[in-house]
Amino acid sequence: MKSGIFFLLTMTLGLFSCIDNQQEIKLVDADNFTSSINGKNVNLYTLKSKNGMTMQVTNYGGHVVSLWVPDKNGHFDDIVLGHNTLKEYIDYEGERFIGCVVGRYANRIENAVFSVGGKTYQLEANNGPNHLHGCFSRKLYRVKAFGDTLLMEAESPDGEDGFPGNLKLAVRYTLTEDNT
């Protein structure tokens, strides 16, 4: 009888260690992001490294929705703030810049105005009287490649948010074997 209990206890401990090594990562449901805005598709993309690091990114604003990384013991945790639905990113309350691509400027521009070469530009005041980050968090990015890398592109035309000049941008997300 004692050997049977020992065997059962050993098997149970073995199962727990297997569960820990094969930890289930609770990803955000991609269906919560499958939609369209102005006839353009919105989706959630999942990248996974060979060592298990996993990232989910939506092409709406380039938001990193989740990022599961291992600790020194191999236990995975989601280390970014993110929402579970596209609606929460669109109808945000509070901080709308969680995990997104910011731009054309990353920070606040006092009184939403700046001068270059003697010309003054009035920007969108989106943070009280100031301009904060810009509209890239609300852009819908075109996915150009998806596999080991997620490559997305967009444009910011002259005058968008009040900024001068046309701008083409590309954003690339890649997870490496060493979990970077």
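What you see below is based on every heavy atom in this structure, not just the backbone, and it leaves out hydrogens, waters and symmetry mates. This one's a predicted model, so the numbers in the text were calculated from it and none came from an experiment. Throughout, numbering of the chain's residues begins at 1 and tracks the sequence.
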Please name the pair of heavy atoms, one in [X] and one in [Y], separated by the smallest distance, quoted to 0.1 Å.
X	Y	answer
Q56	L44	NE2-CD2, 3.4 Å
Y121	P164	CE2-CB, 3.4 Å
N51	F76	O-CZ, 3.7 Å
L27	T54	CD2-CG2, 3.7 Å
G134	S137	O-OG, 4.3 Å
Y173	M55	CB-CE, 3.6 Å

Between atom [atom1] of [X] and atom [atom2] of [Y], what is the distance when rounded to the nearest 0.5 Å?
X	Y	atom1	atom2	answer
Y141	Y45	OH	OH	14.0 Å
R172	K144	CZ	NZ	12.5 Å
F114	K119	CZ	NZ	10.0 Å
L167	E160	CG	CD	9.0 Å
L47	L175	CG	CG	5.5 Å

What I want to find out is whether K139 reaches E153 closely enough, with some N-O distance under 4.0 Å, to be called a salt bridge. no
Between E155 and K168, is there a salt bridge with N-O shorter than 4.0 Å? no
Looking only at atom types and distance, does a side-chain atom of [X] sit under 3.5 Å from a main-chain N or O of [Y], one as donor and one as acceptor?
X	Y	value
T85	E88	yes
T149	A145	no
H133	V102	no
D77	I79	no
D161	L123	no
N32	N84	yes
N126	L132	yes
N130	N111	yes
N166	D158	yes

Are [X] and [Y] close enough that a side-chain donor and a side-chain acceptor fall under 3.5 Å?
X	Y	value
N179	S49	yes
T180	D178	yes
R108	N127	yes

Report, as yes or no, whether the 6.0 Å neighbourhood of atom CD1 on I25 holds more than 12 heavy atoms from other residues, nucleotides or ligands. yes
Quick one, [X] and [Y] - any side-chain contact, counting heavy atoms below 4.5 Å?
X	Y	value
Y60	L86	yes
F136	R104	yes
V42	N59	yes
I37	I90	yes
V101	H63	no
F33	V28	yes
L151	V143	no

Membership question, hydrophobic clusters at under 4.5 Å side-chain separation (ILVMFWY): are M152 and I98 in the same one? no
Mind checking whether L150 and M53 sit in one hydrophobic cluster, side chains of I, L, V, M, F, W, Y counted as touching below 4.5 Å? yes
One pair to check against side-chain contact (heavy atoms from CB on, under 4.5 Å): N107 and I109. What are the steps and the verdict? CA-CA 7 Å; N107 207 337; I109 297 177; over 6 Å; no
According to the interplanar angle, ranging from 0 to 90°, do the rings of H83 and Y89 count as parallel (below 30°), tilted (30 to 60°) or perpendicular (above 60°)? perpendicular
Answer with yes or no after comparing the ring centroid distance for F163 and H131 against a 6.0 Å cut-off, counting only values under it. yes
